[in-house]
Asker: 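Structure incoming, see below.
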Amino acid sequence: MPDANGKIDRRTLLEIIGAAGATGVVLSGCGNQAASAASLTGGKWDKTIPLATAGPGGNRNWQPGDAVKFLPPEKIPTSGKASDTLAGLPKQKLLTIYERMNASRKWETVMKDLFVSGKDGLYGAFHTYIGEEAIANGVMAALNDDDYIASTHRGHGHLIAKGGDLNKMAAEIFFKETGYNRGYGGSMHITDMAKGIMGMNGIVGASYYLAAGAALRSMVRGTKQVAVAFFGDGAANSPYYFSAIRSCANHKIPVLFVNENNFQYMGIPMATVVPTKYISEYTKGLDIPHHLVDGNDVAAVYAATRDAVEWGRAGHGPSMIEGITYRWYDHSGFAGGRVGTDGAFGLPYRSDEEVRQWMSRDPILRFKTWLLDKKLAAADDLAKIEASTQAAVDASIAFARQSKDPDPTAGVLHTHAGGPAAATQFLDRSGAKIPIVS
Ligand SMILES: Cc1ncc(C[n+]2csc(CCOP(=O)(O)OP(=O)(O)O)c2C)c(N)n1
């Protein structure tokens, strides 16, 4: 129950969730050591996160004391076949991956600082991708420029990994007319069809049919393009997921269903709402390839995606890829976040220790270590990229600040298929008709 200050402790919160029909699942004690097991990607998994389940109505596939296996935080190897596959890419391409991972992290971090400080008066929903960058970038590295992606509410990183324009993205967050949606969309509607980016999307589970439609088009036209549907672990519970993946399997439509399993469905632990241990177990019966990978390892994601892309282009249809990862910040916005500090702490639905453990598995730092260890890039190359991406991010904020606000009447021009004439019924708050500019 809430204390005198109206606060509630985490244990009580989980008990309430459990009493409401979900299981009290505790993802904690991340520091505990457990027995080694073979990595899904060829590395060694010698760290586990104990996951305790209790209470009726929960997911029976999780038993008390079960452990989700993760790599150790200190020096995380990227080894085996996946590493060799990534190492086979030309140096310039590897550096582009590094550049885009950095751009994604830095752009969102700067936005975080602006939102938290209140500077620039930013408002609206903003779902950070920080911590999950290896998935977008591993996937995108295996795609061609003209392949399609359908993103999610947490999609800034998808856009940046596919070459989205930082300036236009920043201007959209500032609601300026130079933004991707002319300042009328905000974070969750950023779209760039010229780059095959079918948009971020506020509708959880909307990516499935968007990707299926694009892939069906390419199939009919014989262009060999594939489409990626990104989705979260919570979104996997959407009935549209089963419907879309089944149809794609049935008709051999080349969609890559890429699940970003960050274990959290807003503030609800994923194991309370997911009926199997892993999302990639849902659809095993469809007889399509399933790849379960360490989603903080860009090599593992890239290698799985490359296989899935080849499979799709060869006419065999869809694949399912699940990347295990974690978001460093709150579901949306920046509760628990501080200016100049990475990560959000003190949130009621997860422990700070858990967050720190995951932050120590930083996908970018890990990729950097791998590039240096393999002598695929020099420290100098990487330092230059870090500086230039920071400069590009800072320039995007300056661009957004200098841009004009949109004309208040211009928004209605783009909302009706019938054009401005059809939009004349729009009224302002006082009930007066909004004059239409043409
Ligand atoms: C159809 C629909 N239902 C519910 C919501 C509210 N909502 C927004 S994000 C979200 C959680 C999504 O969780 P998950 O799919 O795991 O993605 P994550 O946020 O973890 O990346 C929900 C329920 C929504 N936007 N759309």
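Sequence positions, counted from 1, serve as the residue numbers for this chain.
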Asker: Can you classify the ring geometry of Y241 versus F257 as parallel (below 30°), tilted (30 to 60°) or perpendicular (above 60°)?
Answerer: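 Y241 and F257: perpendicular rings.
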Asker: Side-chain contact, heavy-atom cut-off 4.5 Å: L376 with L86?
Answerer: no
Asker: Can you spot which of D342, V393, T128 makes a side-chain contact (heavy atoms from CB on, under 4.5 Å) with T109?
Answerer: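 Of the listed residues D342, V393, T128, the side-chain contact (heavy atoms from CB on, under 4.5 Å) partner of T109 is D342.
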Asker: Nearest 0.5 Å please: distance from the CZ atom of R182 over to the CG atom of D407.
Answerer: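 Taking CZ in R182 and CG in D407, the distance rounds to 12.0 Å.
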Asker: Any donor-acceptor pair under 3.5 Å linking the side chain of E132 with the backbone of I130?
Answerer: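 Checked: no pair found.
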Asker: So, do S83 and K374 sit near enough that their side-chain heavy atoms are less than 4.5 Å apart?
Answerer: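 Sidechains of K374 and S83: in contact.
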Asker: Determine, for K168 against D192, whether the closest basic-nitrogen to carboxylate-oxygen distance falls under 4.0 angstrom.
Answerer: no
Asker: Check for a donor-acceptor pair, side chain of E322 on one end and backbone N or O of I279 on the other, with a separation under 3.5 Å.
Answerer: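 Indeed, once roles are kept as given, a pair shorter than 3.5 Å links the two residues.
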Asker: Determine whether Y148 and R217 satisfy the following criterion, side-chain hydrogen bond (donor to acceptor under 3.5 Å, both in side chains), listing intermediate values before the conclusion.
Answerer: CA-CA 11 Å; Y148 294 100; R217 173 183 183 270; 3.0 Å; yes
Asker: So, K112 side chain and T341 main chain: donor-acceptor pair closer than 3.5 Å or not?
Answerer: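 Side chain of K112 to backbone of T341, a donor-acceptor pair under 3.5 Å: yes, one is there.
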Asker: Between the main-chain N or O of V110 and the side-chain N or O of D113, is there a donor-acceptor pair closer than 3.5 Å?
Answerer: no
Asker: Measuring from atom OG of S247 to atom OH of Y240, what distance do you get when rounded to the nearest 0.5 angstrom?
Answerer: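 Going from OG on S247 over to OH on Y240, the span is 13.5 Å.
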Asker: Whether the side chain of K162 engages the backbone of K195 through a donor-acceptor N/O pair (distance < 3.5 Å, no angle test) should be reported.
Answerer: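 Checking the backbone N and O of K195 against the side chain of K162, a donor-acceptor pair under 3.5 Å is found.
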Asker: Between E108 and I160, does a side-chain contact (heavy atoms from CB on, under 4.5 Å) hold up when you go through it step by step?
Answerer: CA-CA 11 Å; E108 286 198 318; I160 295 171; 5.7 Å; no
Asker: Less than 4.5 Å apart, any side-chain heavy atom of R100 and any of M140?
Answerer: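 R100 vs M140: side chains apart.
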Asker: In terms of side-chain geometry, is the basic nitrogen of R105 or D362 positioned less than 4.0 Å from the acidic oxygen of its partner?
Answerer: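 Yes, charged N to carboxylate O under 4.0 Å.
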Asker: Testing the basics here: between Y180 and T191, what is the closest heavy-atom pair and its distance to 0.1 Å?
Answerer: CD2-O, 3.3 Å
Asker: Once you measure the plane-to-plane angle for Y98 and F367, does it fall in the parallel (<30°), tilted (30-60°) or perpendicular (>60°) bin?
Answerer: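 Rings of Y98 and F367: tilted, as their planes differ by 30° to 60°.
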Asker: Under 3.5 Å, is there a donor-acceptor pair between the side chain of D120 and the main chain of L114?
Answerer: no
Asker: Out of F126, F345, W328, which residue meets the ring pair (Phe, Tyr, Trp, His ring centres under 6.0 Å) rule with F334?
Answerer: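 For F334, the ring pair (Phe, Tyr, Trp, His ring centres under 6.0 Å) check succeeds only for F126.
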Asker: Is any side-chain heavy atom of H127 closer than 4.5 Å to one of M188?
Answerer: yes
Asker: Check for a donor-acceptor pair, side chain of K176 on one end and backbone N or O of R401 on the other, with a separation under 3.5 Å.
Answerer: yes
Asker: Which is it for R338 and V116 under the side-chain contact (heavy atoms from CB on, under 4.5 Å) test, yes or no, and what are the steps along the way?
Answerer: CA-CA 7 Å; R338 297 199 354 233; V116 174; 5.5 Å; no
Asker: List the steps and the verdict of side-chain contact (heavy atoms from CB on, under 4.5 Å) for F174 and S403.
Answerer: CA-CA 9 Å; F174 278 63; S403 296; over 6 Å; no
Asker: Any sub-3.5 Å donor-acceptor pair from E172's side-chain atoms to G186's backbone N or O?
Answerer: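 Indeed, once roles are kept as given, a pair shorter than 3.5 Å links the two residues.
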Asker: With the side chain counted from C-beta on, respond yes when D147 and V228 share a heavy-atom pair under 4.5 Å apart, and no when they do not.
Answerer: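 Heavy-atom side-chain distance check fails, nothing below 4.5 Å.
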Asker: Are E260 and R154 close enough for a salt bridge, meaning some N to O gap below 4.0 Å?
Answerer: no
Asker: Identify the heavy atoms of V301 and G295 that sit nearest to each other, and give their distance.
Answerer: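 Taking V301 first and G295 second, the nearest heavy atoms are CG2-CA, 4.1 Å.
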Asker: Between Y129 and N262, does the side-chain hydrogen bond (donor to acceptor under 3.5 Å, both in side chains) criterion hold? Intermediate values first, please.
Answerer: CA-CA 10 Å; Y129 193 67; N262 62 20; over 6 Å; no
Asker: Give the minimum heavy-atom separation between P254 and S218, together with the two atoms involved.
Answerer: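 Heavy atoms only, the tightest pair is CG-OG, 4.4 Å.
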Asker: Does some side-chain heavy atom of L122 sit less than 4.5 Å from a side-chain heavy atom of M111?
Answerer: yes
Asker: Quick one: are Y326 and V355 in side-chain contact, heavy atoms under 4.5 Å?
Answerer: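 Side chain of Y326 against side chain of V355, heavy atoms only: contact under 4.5 Å found.
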Asker: Roughly how far, to the nearest 0.5 Å, is OG of S280 from CD1 of I324?
Answerer: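 Going from CD1 on I324 over to OG on S280, the span is 7.0 Å.
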Asker: Compare every heavy atom of K91 with every heavy atom of A377, then report the nearest pair and how far apart it is.
Answerer: CA-CE, 4.4 Å
Asker: What are the two closest heavy atoms between A335 and D330, and how far apart are they?
Answerer: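 Reported closest heavy-atom pair: CB-OD2, 3.5 Å.
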Asker: Can you see whether H290 engages T283 through a side-chain donor-acceptor pair at a distance of less than 3.5 angstrom?
Answerer: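 Judged by distance alone, the side chains do pair up.
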Asker: Specify the closest pair of heavy atoms between I253 and L216, including all atoms of both residues, with the distance to one decimal.
Answerer: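 Where I253 meets L216 most closely, the heavy atoms are CG2-N, 3.7 Å.
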Asker: Calculate, to the nearest 0.5 Å, the distance between atoms NE2 and OG belonging to H189 and S151 respectively.
Answerer: 11.5 Å
Asker: Using modelled atom types and a 3.5 Å cut-off, is there a donor and acceptor pairing between side-chain atoms of N261 and backbone atoms of F263?
Answerer: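 Side chain of N261 to backbone of F263: a pair is present.
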Asker: To the nearest 0.5 angstrom, please state how far the CZ atom of R313 sits from the OG1 atom of T223.
Answerer: 9.0 Å
Asker: Output yes when a side-chain donor or acceptor of N102 lies under 3.5 Å from a complementary backbone atom of E386, and no otherwise.
Answerer: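 No: the side chain of N102 does not pair with the backbone of E386.
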Asker: Contact between L95 and Q92 at the side-chain level, heavy atoms closer than 4.5 Å - yes or no?
Answerer: yes
Asker: Kindly compute the distance separating CE (M320) from CD (E281), expressed to the nearest 0.5 Å.
Answerer: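 Spacing of CE (M320) from CD (E281) equals 10.5 Å.
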Asker: For residues 203-210, tabulate all N or O donor-acceptor pairs below 3.5 Å that involve a side-chain atom, not counting sequence neighbours.
Answerer:
unit_1 : atom_1 : unit_2 : atom_2 : d
S207   : OG     : F230   : O      : 2.7
Y208   : OH     : A235   : O      : 2.8
Y209   : OH     : S243   : OG     : 2.5

Asker: Consider only side-chain N and O atoms of H156 and S104, and report whether a donor and an acceptor are under 3.5 Å apart.
Answerer: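 No, no side-chain donor-acceptor pair sits under 3.5 Å.
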Asker: Decide side-chain contact (heavy atoms from CB on, under 4.5 Å) for I173 and M169; before the verdict, give the C-alpha distance in whole Å, the side-chain angles of both, and the deciding distance to 0.1 Å.
Answerer: CA-CA 6 Å; I173 304 301; M169 287 177 68; 5.6 Å; no
